[in-house]
Amino acid sequence: IGDFSLNYKISADYDFMHRLFSSMKFDIRYFRAYLVKMSVGGASNASFKNIVKKMKEDYAILNFYSKIPLFTLLFKNFRKVSQFLIRKS
């Protein structure tokens, strides 16, 4: 599936995961447990400029993997709104 793409400064991991999952056959199952706990923030949310850059990179990636890239992008970003509303204690 190749290495991380140097074409994407922020979304290289997103591109890599899409290539990985689209290259293999997987059975999708619901798993009722948390597997990963990630911190809020990072390069993609460091500034408004980075958020826009990430959205552009994500859209370019989604054009290869989604039949409805704009809807997928909007849904992906809508799910992250809560990150900006949650404050660390």
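Heavy-atom basis, side chains included; hydrogens, waters and symmetry copies ignored.
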Please report the closest heavy-atom contact between [X] and [Y], naming both atoms and the distance.
| X | Y | result |
| --- | --- | --- |
| Ala12 | Ser5 | CB-O, 3.7 Å |
| Tyr59 | Pro69 | CE1-CB, 3.9 Å |
| Ile1 | Ser23 | CG2-OG, 3.2 Å |

Between [atom1] of [X] and [atom2] of [Y], what distance do you get to the nearest 0.5 Å?
| X | Y | atom1 | atom2 | result |
| --- | --- | --- | --- | --- |
| Lys53 | Phe48 | NZ | CZ | 14.5 Å |
| Ser11 | Met55 | OG | CE | 10.5 Å |
| Asp13 | Ile61 | CG | CD1 | 8.0 Å |
| Asp58 | Tyr8 | CG | OH | 9.5 Å |

| query | Parallel, tilted or perpendicular: which fits the ring planes of Phe75 and Phe71, with parallel below 30° and perpendicular above 60°? | reply | parallel

Applying the 4.5 Å side-chain criterion to the ILVMFWY set and letting contacts propagate, would [X] and [Y] be lumped into a single cluster?
| X | Y | value |
| --- | --- | --- |
| Tyr14 | Val52 | no |
| Met17 | Ile10 | no |
| Phe31 | Tyr34 | no |

| said: Tell me if the CD1 atom of Ile68 is crowded by more than 12 foreign heavy atoms within 6.0 Å. | reply: yes

| query | Are side-chain heavy atoms of His18 and Leu62 found at a separation under 4.5 Å? | reply | yes

| query | Mind checking what makes salt bridge (charged side-chain N to carboxylate O under 4.0 Å, His left out) contact with Asp15, not counting sequence neighbours? | reply | Arg19

